[in-house]
Peer 1: 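Below is one structure. I have some questions about it.
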Amino acid sequence: MAMLHIVNQSPFERDSLASCLTLSLPGAGILLIEDAVVAVRTGSRVAEDLLAAMTDRHIYALGPDLDARGIARDTILPGIRCVDYAGFVQLTTEHNTLQSWL
Amino acid sequence: MKFGIMVNTGPYTHQAAHTAYQFTRAALASGHEIYRVFFYHDGVHNASRLTVPPQDENNLIQQWSDLADAHNLDLVVCVAAAQRRGLLDAETAARHGKDAHNLAPGFRISGLGQLVEAGIEADRLLVFGD
Amino acid sequence: MPSSPPTKRFLCVNRKAPHGTGYAAEALEAVLMTAAFDQRLSLAFLDDGVYQLVQGQDTSDIGLKHFSATFKALGDFDVRTVYVDVESLEARGLTPSDLLPLHYEDEADDWAVKDLIQWVTRAQLAEIMDAQDVVLSF
């Protein structure tokens, strides 16, 4: 299966997510962890970019990182799937190559 | 599945070191094999046995050591990155005339080739960094 | 030819400017080590990482080691593919002529001196990234 991209930087601070979105192919997975999870809140400045990406890529957010930042599940963009650490591991096994966007 | 893990940040400064630990633990719990955890850049600070965090905080260094003990993990600290940052095992300390060494139990110091080997041998290599 | 184990495609992704953090310098050390392992190694420079290859870097007054000259030796370490994202250059007001000329001698072509850098668009780079086995991100 395709590549899993892992982004851990806030899109309000770095261009990691922006670059990942332009450099990921249809079918890829994008997992947001650590500070990158601030991207997924409804109404965020990058929400439109994520919604556009979700037309051909799967976007995931690491639940423990959402919880740690007080981002309630009912405030995040529809279509984003939350995973725990076991789900993170599962995603890495389901994709052939892993690329971290630091 | 066999995982190689690369850790490039120190504990307490950046979450990546803590995420790497949580991932490693979860991978083991799911029945996967951790071929090696390689500590590079500031990640070498994960191996300092002189770390004394406040009692109400997790001691990540101790957690790595305990995990290595429980699962026979290969925790490898890059020698060049470690020496730059003052992370020495007894042998290196003696060789450089230093009066202390601080490598925590369960870790070993070796070269960057160990990272490349992990990339070759593991099914997945995952980088945690900043 | 002696039989050898199957090689993997390694890509070292450089996205950070040099000097401000130690990532670029230590990434280069990892690259040189990887090159010694006879794997299929490529480097990609994008975003601020393109600044690692800019000519005329002088670190003498900032107290940090100058390492960009090491890039010129990549060809000698049998690195054959260095990708530079032209869109990252343009976004920073840079052109290809601002970067270090990197060369290698092609053994299969009577040691002809050839350019090491391949200028790629982000669309091309996306395909290149997707074709890798191991991505070392810095």
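Here is the naming used below: chain letters follow the sequence lines, and residue numbers restart at 1 for every chain. Worth saying up front: this structure is predicted, and the values here are computed from it rather than measured. The basis for the numbers below is simple: all heavy atoms, side chains too, and nothing from hydrogens, waters or symmetry mates.
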Peer 1: Does some side-chain heavy atom of A:H95 sit less than 4.5 Å from a side-chain heavy atom of A:M3?
Peer 2: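 A:M3 does not reach A:H95 side chain to side chain.
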Peer 1: Which bit of A:L4 comes within less than 4.5 Å of chain B, counting heavy atoms only: side chain, backbone, both or neither?
Peer 2: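 For A:L4, no heavy atom lies under 4.5 Å from chain B.
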Peer 1: So which part of B:H18 gets closer than 4.5 Å to some heavy atom of chain A, the side chain, the backbone, both or neither?
Peer 2: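 No part of it gets close to chain A.
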Peer 1: Salt-bridged, A:R14 to B:D130, with N to O below 4.0 Å?
Peer 2: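 Looking at B:D130 together with A:R14, the answer is yes, because their closest N to O distance falls below 4.0 Å.
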Peer 1: Give a yes or no on whether a salt bridge exists between B:D89 and B:R108, defined as a side-chain N under 4.0 angstrom from a carboxylate O.
Peer 2: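 Salt bridge: no.
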Peer 1: Report yes if some heavy atom in the side chain of A:S24 is under 4.5 Å from a heavy atom in the side chain of A:I30; otherwise report no.
Peer 2: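 A side-chain contact under 4.5 Å exists here.
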Peer 1: Count the heavy-atom pairs under 4.5 Å between each of B:N8, B:L125, B:L126 and chain A, then report the option with the highest count.
Peer 2: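 The answer is B:L126.
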Peer 1: Check this for me: does any side-chain nitrogen of one of B:R36 and B:E117 sit under 4.0 Å from a carboxylate oxygen of the other?
Peer 2: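 Answer for the salt bridge query: yes.
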Peer 1: Heavy-atom distance under 4.5 Å to chain B: side chain of A:E34, backbone, both or neither?
Peer 2: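 Contact with chain B involves both backbone and side-chain atoms of A:E34.
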Peer 1: At under 4.5 Å between heavy atoms, what parts of residues 55-62 of chain B are in contact with chain A? List them by residue number.
Peer 2: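 The list, in residue order, is empty: none.
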Peer 1: Evaluate the side-chain proximity of B:Q22 to B:T19: yes if any heavy-atom separation is below 4.5 Å, no if none is.
Peer 2: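 They are not in side-chain contact.
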Peer 1: Would one find more than 12 heavy atoms of other residues, nucleotides or ligands at under 6.0 Å from atom CZ of B:R84?
Peer 2: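 More than 12 heavy atoms, drawn from other residues, nucleotides or ligands, come within 6.0 Å of this atom.
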Peer 1: Give a yes or no answer on whether the side chain of B:N102 reaches the backbone of B:G86 with a donor-acceptor pair at less than 3.5 Å.
Peer 2: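 Here the side-chain-to-backbone pair exists.
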Peer 1: Heavy-atom distance under 4.5 Å to chain A: side chain of B:A27, backbone, both or neither?
Peer 2: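 The answer is both parts of B:A27.
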Peer 1: What's the verdict on ring pair (Phe, Tyr, Trp, His ring centres under 6.0 Å) for B:F3 and B:F23, showing C-alpha distance, side-chain angles and the deciding distance?
Peer 2: CA-CA 10 Å; B:F3 285 94; B:F23 180 92; 5.4 Å; yes
Peer 1: A:D84 versus chain B, heavy atoms under 4.5 Å apart: side chain, backbone, both or neither?
Peer 2: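 Interface part for A:D84: neither.
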